[in-house]
Trainee: 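Below is the structure I would like to discuss, written out as structure tokens.
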Amino acid sequence: MRLSRYFLPVLKETPSEAQIASHRLMLRAGMIKQASAGIYSWLPLGFKVLRKLENIVHQEQMRAGHIPMLMPTIQSADLWRESGRYDDYGEEMLRIRDRHDRDMLYGPTNEELITDIFRAHVGSYKDLPLTLYHIQWKFRDEIRPRFGVMRGREFFMKDGYNFDLTKEDALHSYNRHLVSYLRTYERMGLQAIPMRADGGPIGGDYTHEFLVLADTGESEVFYDSEITDLRFGEREIDYDSVEQCQAVLEEFTSRYARTDETHDEAIFNEVPEARRRSARGIEVGQIFYFGTKYSEPMDATVQGPDGKPVPVHMGSHGIGVSRLVGAIIEASHDDHGIIWPEGVTPFHAGIVNLKQGDAEADAACDALYASLTALGLEPLYDDRDERAGGKFATMDLIGLPWRITVGPRGLKNGVVELTSRKTGESEEMPPEKAIEKIAEIYAPHHRMVAVEPMVQRSFHTWL
RNA sequence: CGGGGCGUGGCGCAGUCUGGUAGCGCACCUGUUUUGGGUACAGGGGGUCGUAGGUUCGAAUCCUGCCGCCCCGACCA
């Protein structure tokens with residue numbers, strides 16, 4: 001993309017409503033614009049990041065054998081009356097009336113809808129196990145939205161639902177989700193720690209929240225510092241293997257890590273004092289196993305081998321995709337702006353032309369742009385007729401991990417400058433060498449994408 | 001919802017106390033100049049001062065209602 005043809009309304013000054021770094025930087029980098037309290041338009045740069053995160057979530061879900069679909073944002077009140085939550089949910093649910101005076105609502109979550117779909121089409125234990133998910137906008141009329149997209153009223157969330165014949169099967173689904181979530185967050189450059197949590201209104205005996213440590217987080221957390229050394233990494237895993245998934249769960253949840261809701265001082269004190277930590281965290285996901293809590297009242301059963309109806313065991317799992325944009329920035333920025341992890345950056349490299357209009361510099365930039373594009377990478381080329389300082393400041397603000405600077409002085413020696421946003425270190429090298437290095441840097445991320453999703457258990461395909 | 005604060009060009013603000021017909025910086029447009037970390041100069045466009053009503057010869061400014069937004073708290077992916 002050429003910056004002169006893009007829409008990137010960056011701000012030099014910070015709008016006064018923004019309190020925390022991620023909100024300030026998202027506004028300044030032209031990623032979002034507030035439409036009303038807790039509701040945002042996603043401008044091109046922000047939308048690009050949101051889509052990248054969405055794609056990573058899709059890839060990792062499908063890799064785990066989960067099946068994508070899409071449910072509507074607007075739902076009928078009838079199903080919610082059936083589950084009993086129409087009255088229970090309270091003011092947080094946005095209620096709407098259509099022209100025929102029917103009670104509708106903007107979905108805050110989808111347990112009712114998915115259960116309705118399930119009971120209409122699944123009748124046999126042979127159809128299990130099944131995990132369906134979608135990534136869709138939700139609305140919760142928060143009392144006080146704040147922190148930009150971190151606590152919006154409208155938010156983009158992946159929510160998935162597993163249906164299993166037995167509790168054992170459902171717990172394997174639970175473990176499988178834990179593994180897939182670990183992979184997902186790591187690909188986004190985040191360390192999200194699974195912590196024992198409270199079931200809340202969704203309920204459930206087993207539940208973990210995934211938290212990214214950050215001073216601006218809204219949750220208070222307590223953990224054994226050893227847990228921060230754990231990495232899922234590039235290891236291979238068979239998602240159908242009960243043992244393998246169970247082993248990962250044990251590895252990542254055996255050390256103390258809890259939110260304030262479930263914190264137990266007595267158990268915490270068994271952790272050696274030097275490793276005890278209390279901090280703040282941003283909740284970016286949660287997984288639940290809740291058994292037959294919805295399947296029984298809503299009559300979601302399958303016929304077992306003996307021909308008798310059995311209520312299915314269910315769990316649900318969520319990743320706050322729009323919140324993750326903020327969480328990643330909270331975890332990765334400096335005084336100059338955002339620093340995107342390589343896996344989620346909106347553009348792979350910035351090209352800065354220090355002498356726009358100079359035939360040699362223009363030609364060199366065009367060549368770099370074409371080469372990177374041919375490699376399947378997306379460069380952002382600052383071809384505006386602006387002073388160097390302004391170009392650098394913009395690149396720093398929007399946080400692309402790598403920048404190639406082209407100027408007449410370097411071109412005399414046949415070199416360009418490759419700069420890391422993270423370290424600020426620059427190295428001079430011939431243009432082809434710079435392209436090679438960038439291709440190497442992004443190769444692992446492209447490999448992750450290229451891994452085939454495991455064979456799925458149904459005829460559904462992802463288009 | 002309780003407590004606090006704020007609405008003045010796209011953004012950041014001054015002006016409000018003490019009424020006299022709107023200003024500064026950034027951004028934007030034109031020209032010249034400059035370009036290796038937010039160039040300099042000159043000229044220019046853009047605001048019914050959130051909104052409705054009231055007081056007054058006269059309201060951004062005083063009074064009343066309403067709307068919106070932000071911060072602290074209870075609640076949440």
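Just so we're on the same page: letters track the sequence lines, and every chain starts at 1.
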Trainee: Which nucleotide, in any strand shown, forms a Watson-Crick or G-U wobble pair with A40(B), with both distances under 3.5 Å?
Mentor: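 Pairing partner: U32(B).
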Trainee: When the distance from CD of Glu91(A) to P of C1(B) is rounded to whole Å, what number comes out?
Mentor: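 About 9 Å, once rounded to whole Å.
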Trainee: Just checking Arg384(A): does its CZ atom have more than 12 heavy atoms from other residues, nucleotides or ligands closer to it than 6.0 angstrom?
Mentor: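 More than 12 heavy atoms, drawn from other residues, nucleotides or ligands, come within 6.0 Å of this atom.
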Trainee: Between Ser41(A) and Leu43(A) (side chain of the first, backbone of the second, donor and acceptor by atom type, cut-off under 3.5 Å), is there such a pair?
Mentor: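 Pair absent, no side-chain N/O of Ser41(A) close to backbone of Leu43(A).
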Trainee: Could you work out the separation of G12(B) and G50(B) based on their P atoms and round it to a whole Å?
Mentor: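 My reading of the P atoms in G12(B) and G50(B) gives 15 Å.
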Trainee: Name all residues meeting the side chain to side chain contact (heavy atoms under 4.5 Å, CB included) criterion together with Lys422(A); count only those two or more places apart in sequence or in a different chain, and write none if there are none.
Mentor: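 Residues passing side chain to side chain contact (heavy atoms under 4.5 Å, CB included) with Lys422(A): Ile339(A), Ser420(A).
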Trainee: Give the ring-plane orientation class for Tyr185(A) versus Phe210(A), where under 30° counts as parallel, over 60° as perpendicular and anything between as tilted.
Mentor: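 Tilted: the ring planes of Tyr185(A) and Phe210(A) meet at 30° to 60°.
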Trainee: What does G2(B) pair with, Watson-Crick or G-U, if both distances are under 3.5 Å?
Mentor: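 Base-paired to C72(B).
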Trainee: Using the P atom in both, what is the distance from U61(B) to G19(B), to the nearest Å?
Mentor: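 My reading of the P atoms in U61(B) and G19(B) gives 12 Å.
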Trainee: Hey, does the side chain of Thr419(A) reach the backbone of Ser426(A) with a donor-acceptor pair shorter than 3.5 angstrom?
Mentor: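 Looks like no, no N/O pair under 3.5 Å.
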Trainee: Remember a base hit wins even if backbone is also touched, and classify Gly152(A) as base, sugar-phosphate or nothing at under 4.0 Å, heavy atoms.
Mentor: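 Here Gly152(A) touches the bases of the nucleic acid.
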Trainee: With both distances under 3.5 angstrom, what nucleotide forms a Watson-Crick or G-U wobble pair with A22(B)?
Mentor: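 Its partner: none found.
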Trainee: Determine the Euclidean distance between corresponding C1' atoms of C76(B) and A59(B); express it in Å to zero decimal places.
Mentor: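 45 Å, rounded to whole Å.
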Trainee: Across the strands shown, which category fits Val321(A) at heavy-atom distances under 4.0 angstrom: base, sugar-phosphate, nothing?
Mentor: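 Contact class for Val321(A): none.
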Trainee: Using atom types as modelled and distance alone, determine if a side-chain donor or acceptor of Lys138(A) lies under 3.5 Å from a backbone N or O of Gln136(A).
Mentor: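 Yes.
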Trainee: Taking the same atom, C1', in U55(B) and in G65(B), what whole-Å distance lies between them?
Mentor: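 Between the two C1' atoms, the distance is 15 Å.
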Trainee: For Ile143(A), which residues count as a side chain to side chain contact (heavy atoms under 4.5 Å, CB included) partner, sequence neighbours excluded?
Mentor: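 Partners of Ile143(A) by the side chain to side chain contact (heavy atoms under 4.5 Å, CB included) criterion come out as none, since no residue qualifies.
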Trainee: Where the side chain of His317(A) meets the backbone of Gly160(A), is there a donor-acceptor pair that is under 3.5 Å apart?
Mentor: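 At least one qualifying donor-acceptor pair exists.
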Trainee: Tabulated below should be each protein N or O lying under 3.5 Å from an N or O of nucleotides 23-25 of chain B; please produce it.
Mentor:
{"residue": "G25(B)", "atom": "N2", "partner": "Glu13(A)", "partner atom": "OE1", "Å": "2.7"}

Trainee: What interatomic distance, in whole Å, is found between C1' of G46(B) and the corresponding atom of G9(B)?
Mentor: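 Going atom to atom, C1' in each nucleotide, I get 6 Å.
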Trainee: Roughly how many Å apart are C57(B) and A27(B), using the P atom of each and rounding to a whole number?
Mentor: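 Rounded to whole Å, the distance is 46 Å.
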Trainee: Starting from the 5' end of RNA chain B, give me the residue, Lys33(A) or Gly285(A), whose nearest nucleotide shows up first.
Mentor: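 Nearest-nucleotide comparison on RNA chain B picks Lys33(A).
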Trainee: Would you say the side-chain atoms of Asp224(A) pair up with the backbone N or O of Ile227(A), donor to acceptor, closer than 3.5 Å?
Mentor: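 Not a single qualifying donor-acceptor pair exists.
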Trainee: Check whether any side-chain heavy atom of Met429(A) sits under 4.5 Å from a side-chain heavy atom of Lys437(A), and report yes or no.
Mentor: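 Sidechains of Lys437(A) and Met429(A): in contact.
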Trainee: Could you tell me the Watson-Crick or G-U partner of A27(B), where both distances fall under 3.5 Å? Say none if there is no partner.
Mentor: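 In the structure as shown, A27(B) has no Watson-Crick or wobble partner.
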Trainee: Report yes or no: does Arg153(A) contribute a side-chain atom to a donor-acceptor pair with the main-chain N or O of Ala37(A) at less than 3.5 Å?
Mentor: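 Yes, Arg153(A) side chain to Ala37(A) backbone: donor-acceptor pair under 3.5 Å.
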Trainee: Considering only atom P, compute the distance from G47(B) to A60(B) and round it to an integer number of Å.
Mentor: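 After rounding to an integer number of Å, I get 16 Å for this pair.
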Trainee: Could you check how far CZ of Phe7(A) sits from P of G10(B), rounded to whole Å?
Mentor: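 Nearest whole value for this atom pair: 14 Å.
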Trainee: Please measure how far the C1' atom in U16(B) lies from the corresponding atom in C63(B), and state the result in whole Å.
Mentor: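 These two C1' atoms come out 14 Å apart once rounded.
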Trainee: Can you tell me the pairing partner of C62(B) across any strand shown, Watson-Crick or G-U wobble, with both distances under 3.5 angstrom?
Mentor: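 By the stated definition (distances under 3.5 Å), G54(B) pairs with C62(B).
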Trainee: Just grab all the ring pair (Phe, Tyr, Trp, His ring centres under 6.0 Å) pairs involving residues 71-94 of chain A, residues at least two apart or on different chains.
Mentor: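 Non-adjacent pairs meeting ring pair (Phe, Tyr, Trp, His ring centres under 6.0 Å): Trp80(A)-Tyr89(A).
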Trainee: How does each nucleotide of nucleotides 27-39 of chain B score, in 5' to 3' order, for protein heavy atoms under 4.0 Å: base (B), sugar-phosphate only (S), or none (-)?
Mentor: S-------BBBBS
Trainee: With a 3.5 angstrom cut-off on both distances, give the Watson-Crick or G-U wobble partner of G7(B), or none if there isn't one.
Mentor: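 The answer is C67(B), by the H-bond criterion.
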Trainee: Are the aromatic rings of His23(A) and Phe147(A) close, with centres under 6.0 Å apart?
Mentor: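 His23(A) vs Phe147(A): aromatic centres not under 6.0 Å.
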Trainee: Encode nucleotides 66-75 of chain B as B, S and - characters from 5' to 3', where the letter depends on protein heavy atoms closer than 4.0 Å: B to the base, S only to sugar-phosphate, - to neither.
Mentor: ---SSSBBBB
